[in-house]
Amino acid sequence: GDVNELRKLLGYGGFIHNLKNYVLRNDDTHRESAQVQLSSALTLVDRVLIAHPGHEHANTLRVTLQRYQNQLDTAQTLIESGADPTTVDRMIVTNDNPALAAIERWEALEQQSIQRAEHSSQLMHFGAVLLALVAATMCWRNIRLARRARDMDSHFTRLQDHERQVGRLLNSLSTVRDTAGIAIFEYIANDQTISKGSSLASLFEGDAPPTTLDAALGLFPAEFREPLARNLRQSVSLDSHREFDLANHDLRLRVTLEPILSSGRVLCMVQRQLAVPRDSLEEQRKTLSELADTRADRIRKLRSGLKKAQIDLVNLQKAAHKDPLTNTFNRLGFGERLRSEVQRARRKDQTLGILMVDIDHFKEVNDTFGHAIGDNALQLLANTLEGLVRSQGGDIVGRLGGDEFIVVLADATASHAERTLKMARAMLNEEPIPECPDINVRVQISGGSVTLNPATDEPGEVIKLADAALYRQKEVRHLNSNGHTIK
Ligand SMILES: Nc1nc2c(ncn2[C@@H]2O[C@H](COP(=O)(O)OP(=O)(O)OP(=O)(O)O)[C@@H](O)[C@H]2O)c(=O)[nH]1
């Protein structure tokens, strides 16, 4: 606005024009107009310079306007002093108007800055648009992401629903598989006439219901017909079931027949067919191998039990044949061994030496030192006799009861037995009874000996003879010892 105003004040019809008219016509009105225009222009420029002290074009214009003021003042002085107007005009006023050139430059500059401002505002505008675009894009992306997240959420929910549905479906499928095979045929029996239950009419799908017993029975599997007919006729309860493998299916059909009774009569028969999953081959194999393992385990246990029982039996047999205190044969064991020894001797045509032994006054040992010491005396005698017989061969030592022992010597006679008795006495004479408080006490024995010839003798009789010989000797010893046998 200032530049336009200056152009008006200084341009065509402005200061130069009025100055020229004043000089050439000496017209004060033109001079005053020129002065007003020049003053206004100076005021304007000064105002610009106050706002923009360093304004290059305003400064140039200010200098030019100062020169104009000088021209006007000089022209006025010359004109008033009567100088020739044309000369003054030629000298002072020229057609040249440097102020206009300055204004032009100023204007160009302003134009330029306006353009720049416009340019930068365009740039800013562009930037703003760009930012808006970026923001919009981001916003749009966010929206898209949010939408995708929501889509995924709902997709996930749908998947879960689907999964639940599939689960339900699978459950119901297995239920269906278990129960789909159930078919119920119901018949009402009325004596020999069978009529179909009306509520189950649909099962026959339009076929005429069976009206006779035979026709109705024909609907059941062959193996049920006979028992069903019998039960229907006899009006008794039937509880029967059969299972069939369904060919080409992994299923077994379990068919049951159940009578519905009323007042002791069969009202109707209900046949239930239940399809059950058949064990897979692998499961069957597994079950079989488990069964085999269990059986093998049981057989192993049985075997080891049997072995133990056999050992126990042998031990028991041994125990049954032995005297637990002295480990010599008891009466039972001795009898068995004697029989086999007699047979052997008979085969070999040999005789046996029999020796019966008894402790003298054994009762006194028990009474004086107690039963435990008495036991030790019995063991000492048994060990002595065992030590004198041949461990390998047919010799036998047995305890017939109490303090009475018997010795059988294979391939021997009574004199062998007598020698054994002497040796036993000699050894016992050297040996105190174990743990006996009186170390001078010795086990003293009496003995009776005989020869057993299996070819002619009866063993029982021979043993009685030996016993008699023993008691004879006992009597002699008692007599000699005067009743004092414990030394
Ligand atoms: N310590 C002990 N004593 C026994 C056992 N069996 C029997 N007796 C005892 O042995 C004694 C046998 O006595 P008898 O044979 O009648 O008499 P004895 O004192 O030996 O007299 P004689 O034979 O006539 O010399 C009894 O007192 C029985 O109680 C036993 O296993 N251990």
Side-chain angles (χ1 to χ4, degrees), residues 315-338 353-389 395-409 414 417-450 459-487:
N315 287 338
L316 269 175
Q317 276 172 341
K318 273 187 191 163
H321 288 78
K322 288 273 182 157
D323 166 40
L325 179 68
T326 61
N327 203 33
T328 57
F329 285 103
N330 59 17
R331 205 173 264 280
L332 179 71
F334 174 75
E336 273 185 12
R337 282 294 316 274
L338 180 67
I354 307 289
L355 172 66
M356 294 289 284
V357 179
D358 185 290
I359 301 177
D360 297 336
H361 301 294
F362 181 53
K363 193 169 176 305
E364 275 184 47
V365 179
N366 275 333
D367 292 348
T368 312
F369 305 111
H371 254 251
I373 302 300
D375 283 355
N376 291 353
L378 290 169
Q379 284 169 341
L380 179 63
L381 173 59
N383 291 342
T384 307
L385 295 173
E386 291 274 18
L388 290 169
V389 302
D395 293 355
I396 315 164
V397 177
R399 183 182 174 205
L400 295 180
D403 56 350
E404 197 175 75
F405 287 83
I406 185 166
V407 180
V408 175
L409 301 165
E418 206 59 41
R419 272 207 300 281
T420 306
L421 175 64
K422 278 187 188 148
M423 283 193 283
R425 278 195 184 126
M427 287 170 80
L428 288 168
N429 213 33
E430 300 297 317
E431 193 75 28
I433 299 170
E435 293 167 34
C436 181
D438 187 346
I439 56 164
N440 295 316
V441 175
R442 296 291 182 266
V443 173
Q444 295 202 338
I445 53 175
S446 299
S449 51
V450 289
E461 293 304 320
V462 174
I463 288 171
K464 273 183 195 162
L465 289 176
D467 215 23
L470 164 67
Y471 276 92
R472 269 198 310 280
Q473 213 207 23
K474 235 178 187 350
E475 275 169 14
V476 174
R477 285 170 69 79
H478 279 199
L479 229 59
N480 294 341
S481 67
N482 282 332
H484 302 287
T485 54
I486 298 176
K487 294 181 181 169

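Numbering of residues begins at 1 and proceeds along the displayed sequence. Atoms within a ligand are numbered from 1 in the order they appear, just like the ligands themselves.
Heavy-atom minimum distance, Ser449 versus Ala417: CB-CB, 3.5 Å. When all heavy atoms of Asp438 and Asn440 are compared, the closest pair comes out as OD1-N, 2.9 Å. The two residues Pro432 and Ile439 come nearest to each other via the heavy atoms CB-O, 3.5 Å.
We find the CG-CD1 distance between Asn429 and Ile445 to be 10.5 Å, quoted to the nearest 0.5 Å.
Remark: atom 20 (O) of ligand 1 lies closer than 4.0 Å to at least one protein heavy atom. Atom 7 (C) of ligand 1 lies below 4.0 Å from at least one non-hydrogen atom of the protein.
The single protein non-hydrogen atom nearest to atom 18 (P) of ligand 1 is Phe362 N, 3.5 Å, given as residue, atom name and distance. The single protein non-hydrogen atom nearest to atom 24 (O) of ligand 1 is His478 CE1, 3.4 Å, given as residue, atom name and distance. Protein heavy atom closest to atom 15 (O) of ligand 1, with residue, atom name and distance, is Asp403 OD1, 3.5 Å. Taking atom 32 (N) of ligand 1 as the reference point, the nearest protein heavy-atom neighbour is Asp375 OD1, 2.9 Å. Scanning the protein for heavy atoms near atom 23 (O) of ligand 1, the closest one is Lys474 CE, 3.1 Å. The closest protein non-hydrogen atom to atom 28 (C) of ligand 1 is Asn366 ND2, 4.3 Å.
With ligand atoms numbered from 1 in the order given, ligand 1 contributes 1 (N) to contacts under 4.0 Å with heavy atoms of Gly374. Close approach of ligand 1 to Ile359 (heavy-atom distance below 4.0 Å) involves ligand atoms 20 (O), 23 (O), 25 (O). For ligand 1, the atoms lying closer than 4.0 Å to a non-hydrogen atom of Asp360 are 25 (O).
You'll find the side chain of Thr384 stays beyond 4.5 Å of the side chain of Glu431, heavy atoms only.
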* Apply side-chain contact (heavy atoms from CB on, under 4.5 Å) to Asp467 and Leu470, showing your working. => CA-CA 5 Å; Asp467 215 23; Leu470 164 67; 3.9 Å; yes

* To do: List the steps and the verdict of side-chain contact (heavy atoms from CB on, under 4.5 Å) for Leu378 and Ile359.
  => CA-CA 8 Å; Leu378 290 169; Ile359 301 177; 4.0 Å; yes

* Asked: Between Phe329 and Lys322, does a side-chain contact (heavy atoms from CB on, under 4.5 Å) hold up when you go through it step by step?
  -> CA-CA 4 Å; Phe329 285 103; Lys322 288 273 182 157; 3.9 Å; yes

* For the pair Asp358 and Ser446, evaluate side chain to side chain donor-acceptor pair (under 3.5 Å) and give the outcome as yes or no after the intermediate values. => CA-CA 5 Å; Asp358 185 290; Ser446 299; over 6 Å; no

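Between atom 27 (O) of ligand 1 and the options Lys363, Glu364, Gln444, His361, the minimum heavy-atom separation is to Lys363. Taking each of Glu475, Glu404, Arg399 in turn, the one with a heavy atom nearest to atom 5 (C) of ligand 1 proves to be Arg399.
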